[in-house]
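Here's the structure we're looking at; comments come further down.
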Amino acid sequence: MFWIKNLVRISQTTSSVGNLFRNPESYTLSSRFCTALQHQQQQLSESVQATDVGNGFEQQQHRCEGLAPTTEGEKPRLLVLGSGWAGCRLMKGIDTSIYDVVCVSPRNHMVFTPLLASTCVGTLEFRSVAEPISRIQPAISREPGSYYFLANCSRLDSQNHEVHCETVTDRLSTVKPWKFKIAYDKLVLACGAEASTFGINGVHHAQEIRRKLLLNLMLSEVPGLGGEEKKRLLHCVVVGGGPTGVEFSGELSDFIMKDVRQRYAHVKDDIRVTLIEARDVLSSFDDGLRQYAIKQLNKSGVKLVRGIVKEVKPQRLILDDGTEVPYGLLVWSTGVGPSSFVRSIDLPKDPGGRIGIDEWMRVPSVQDVFAIGDCSGYLESTGKSTLPALAQVAEREGKYLAKLLNEMGKAGGGRALSAKDTELGEPFVYKHLGSMATIGRYKALVDLRESKQGKGISMGGFLSFFIWRSAYLTRVVSWRNRFYVFINWITTFVFGRDTSRL
């Protein structure tokens with residue numbers, strides 16, 4: 001089944017490509033787990049006199065800078081960078097009687113990305129699709145040697161088996177970021193990817209698509225607002241015709257037809273949704289399903305435009321043919337690429353710029369380093385094609401690597417530089433389970449073929465929508481969140497979506 005890997009979080013940050021300026025009206029649905037920030041370390045010398053600093057205090061300060069290498073009698077330390085599908089599935093499956101687990105991520109939770117599009121319009125609440133790391137792996141909050149650190153990784157020193165980190169402060173001026181180091185026995189890079197903007201000026205992340213959408217709706221009712229400005233505010237543009245863009249467009253059209261028309265009657269005829277795609281919409285699906293999806297989107301009022309975005313400006317975007325498209329809300333959904341952290345580290349890379357790995361998820365030429373999820377890809381020397389950036393791929397890789405590390409630890413290869421002669425077993429093999437996407441109006445697409453040319457079940461309609469919801473409800477990580485999601489669906493069906501701008 002298809003996992004919407006593009007939709008992982010809605011966060012305010014800096015674009016991954018090019019020297020881009022900040023645009024408060026441009027939004028991106030993207031995945032991002034680990035980034036390199038540039039702050040200066042707070043100096044302890046401000047609070048002590050230089051003459052009072054002796055060798056003993058210097059040694060204590062050094063110990064306080066991070067986690068020192070493990071010693072005999074301690075469990076080997078497994079360091080995981082990232083809290084996405086790959087990292088969390090790995091931590092869930094790791095044997096904590098063998099390893100101490102340390103997770104570093106700017107997020108203390110995992111987001112169930114296949115349902116994230118629904119949160120942008122109020123079908124689901126954000127917390128219903130967020131699972132705390134401590135629930136996924138309880139040892140992190142209970143075991144004395146296991147930790148979670150709210151931080152970004154800024155540098156990898158693979159020669160000394162150390163990672164340099166910096167705490168996340170949410171840009172609070174009253175809190176100074178703190179730098180520290182973590183020594184590891186095994187390192188797993190699961191730091192995800194960034195939205196691919198292809199160097200387009202003006203594309204940025206933002207924090208709240210839902211708040212921006214509701215703000216535009218309320219501003220459009222202000223007396224004295226010109227007709228053209230009202231139309232611009234109420235024009236929602238989605239760039240990218242993959243499953244992510246289509247699902248968001250479907251959710252948005254449902255929101256407009258069922259809630260906006262009732263609660264914003266003064267502007268109900270002016271709000272529009274445009275989906276821009278350079279090639280074919282839903283190109284990975286069966287041709288029959290593609291045509292069905294296009295027909296349903298047109299019925300829902302979504303206008304499909306074929307074109308390439310050349311430039312994004314604060315209130316309009318420009319296509320390759322010179323057409324200017326004014327917008328009030330811009331959602332960028334064109335896939336993901338290597339993050340700034342991945343680009344900065346000196347490790348082998350695959351042709352796409354991701355961290356190069358072999359068939360056992362190892363990073364060649366460095367000891368005890370593995371990479372899984374969107375940040376990794378097969379090296380050309382393996383003869384394998386890099387797997388798509390899907391949640392089901394990341395989850396399967398995390399599950400495989402957890403089993404491999406558990407077996408390695410049982411065989412005595414858990415410590416640093418101790419697994420050279422350890423038997424690794426069968427290499428990782430990925431089998432595609434199929435793709436699914438909702439298209440609005442209680443309809444969805446289900447394509448259970450292993451490939452576009454393969455044979456299998458492919459269908460669209462209400463039954464597919466029921467299968468889509470049932471499958472994802474069972475895949476939500478905890479029973480707690482399954483209950484939340486189910487109640488949210490019932491509440492939305494009976495009472496409609498909440499249009500409060502909190």
Side-chain angles (χ1 to χ4, degrees), residues 8-11 31-35 66-67 70 74-116 119 124-153 163 165-170 175 177-178 180 182-192 370 372-373 391 394-395 397-399 401-403 405-406 409 414 472-485 487-488:
V8 178
R9 66 178 287 202
I10 305 166
S11 62
S31 71
R32 181 171 184 153
F33 306 122
C34 236
T35 59
L67 298 181
T70 56
E74 296 179 333
K75 290 184 287 187
R77 180 179 299 133
L78 172 64
L79 176 58
V80 181
L81 302 183
S83 57
W85 279 95
C88 285
R89 185 59 184 87
L90 168 77
M91 288 187 285
K92 181 180 179 180
I94 208 71
D95 188 345
T96 54
S97 67
I98 301 175
Y99 295 98
D100 282 331
V101 180
V102 176
C103 177
V104 174
S105 174
R107 266 185 352 193
N108 72 338
H109 59 275
M110 168 192 162
V111 177
F112 189 80
T113 54
L115 297 178
L116 190 56
T119 67
L124 297 175
E125 293 300 322
F126 288 101
R127 290 192 177 275
S128 299
V129 299
E131 193 71 37
I133 296 174
S134 58
R135 288 181 179 270
I136 296 173
Q137 179 47 267
I140 284 180
S141 58
R142 297 176 184 174
E143 297 294 328
S146 297
Y147 303 94
Y148 163 74
F149 297 124
L150 184 71
N152 287 306
C153 178
V163 165
C165 304
E166 188 174 272
T167 57
V168 172
T169 60
D170 287 337
V175 180
W178 177 255
F180 59 96
I182 302 175
Y184 62 84
D185 292 289
K186 303 293 183 212
L187 171 65
V188 177
L189 299 168
C191 43
F370 303 81
I372 52 177
E395 184 188 35
E397 288 179 344
K399 182 179 180 180
L401 185 56
K403 181 179 179 181
L405 289 173
N406 287 339
Y472 284 144
L473 184 62
T474 59
R475 298 297 296 173
V476 173
V477 178
S478 67
W479 281 101
R480 167 181 169 270
N481 278 21
R482 290 174 195 169
F483 178 77
Y484 283 163
V485 168
I487 292 300
N488 286 168

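Start at 1 with the first residue, then count along the sequence.
Using a 4.5 Å heavy-atom threshold, the side chains of Leu124 and Phe112 count as separate. Under the 4.5 Å side-chain criterion, counting only non-hydrogen atoms from C-beta, Thr167 is not in contact with Val175. Counting heavy atoms from C-beta outward, Val163 and Val104 have side chains that stay 4.5 Å or more apart. Put simply, the side chain of Trp85 reaches to within 4.5 Å of the side chain of Thr113, judged on heavy atoms. Under the 4.5 Å side-chain criterion, counting only non-hydrogen atoms from C-beta, Leu405 is in contact with Phe370.
Glu395 approaches Arg89 most closely through the heavy-atom pair O-CG, 3.3 Å. Across all their heavy atoms, Gly414 and Tyr99 have their closest contact at CA-OH, 3.8 Å. Smallest separation of non-hydrogen atoms from Asn406 and Gly93: ND2-O, 3.0 Å. The minimum heavy-atom distance linking Gly145 with Val102 is given by the pair O-CG2, 4.1 Å. When all heavy atoms of Ile182 and Cys165 are compared, the pair lying nearest together is CD1-SG, 4.2 Å. Across every non-hydrogen atom of Ala130 and His109, the tightest pair is CB-CD2, 3.8 Å.
Between the side chain of Arg482 and the backbone N or O of Val476, at least one donor-acceptor pair lies under 3.5 Å. Side chain of Asn481 to main chain of Ser128: a donor-acceptor pair is present (N/O by atom type, distance under 3.5 Å, no hydrogens or angles). Judged purely by atom type and a 3.5 angstrom limit, Ser146 uses its side chain to pair as donor or acceptor with the backbone of Val101. Side-chain atoms of Asp185 come within 3.5 Å of backbone N or O of Arg77 as a donor-acceptor pair.
In this structure, Arg480 places its CZ atom where more than 12 heavy-atom neighbours from other residues, nucleotides or ligands lie under 6.0 Å away.
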Margin query: Please evaluate residues Ile94 and Val80 with respect to the criterion side-chain contact (heavy atoms from CB on, under 4.5 Å), reporting the C-alpha separation (whole Å), side-chain torsions for both, the decisive distance (0.1 Å), and the verdict.
Written below: CA-CA 11 Å; Ile94 208 71; Val80 181; over 6 Å; no
Note to self: Asp100 vs Thr70, test: side chain to side chain donor-acceptor pair (under 3.5 Å). Steps then yes/no.
What the structure shows: CA-CA 10 Å; Asp100 282 331; Thr70 56; over 6 Å; no
Next item on the list: Evaluate the criterion side-chain contact (heavy atoms from CB on, under 4.5 Å) for residue pair Phe149 and Leu67; output intermediate values, then yes/no.
Entry: CA-CA 11 Å; Phe149 297 124; Leu67 298 181; 3.9 Å; yes
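Separation of atoms CD1 (Ile372) and NZ (Lys399) is listed at 13.5 Å; rounding is to 0.5 Å. The distance from atom CZ of Phe126 to atom OG1 of Thr119, rounded to the nearest 0.5 Å, is 4.0 Å. Taking CG from Asn488 and CG from Leu115, the interatomic distance works out to 10.0 Å, rounded to the nearest 0.5 Å.
Partners of Tyr148 under the side-chain contact (heavy atoms from CB on, under 4.5 Å) rule, at least two apart in sequence or in another chain, are Cys103, Ser105, Asn108, Ile133, Ile140, Leu150. By the side-chain contact (heavy atoms from CB on, under 4.5 Å) test, Ile136 pairs with Cys88, Lys92, Met110, Glu131, Val477, sequence neighbours left out.
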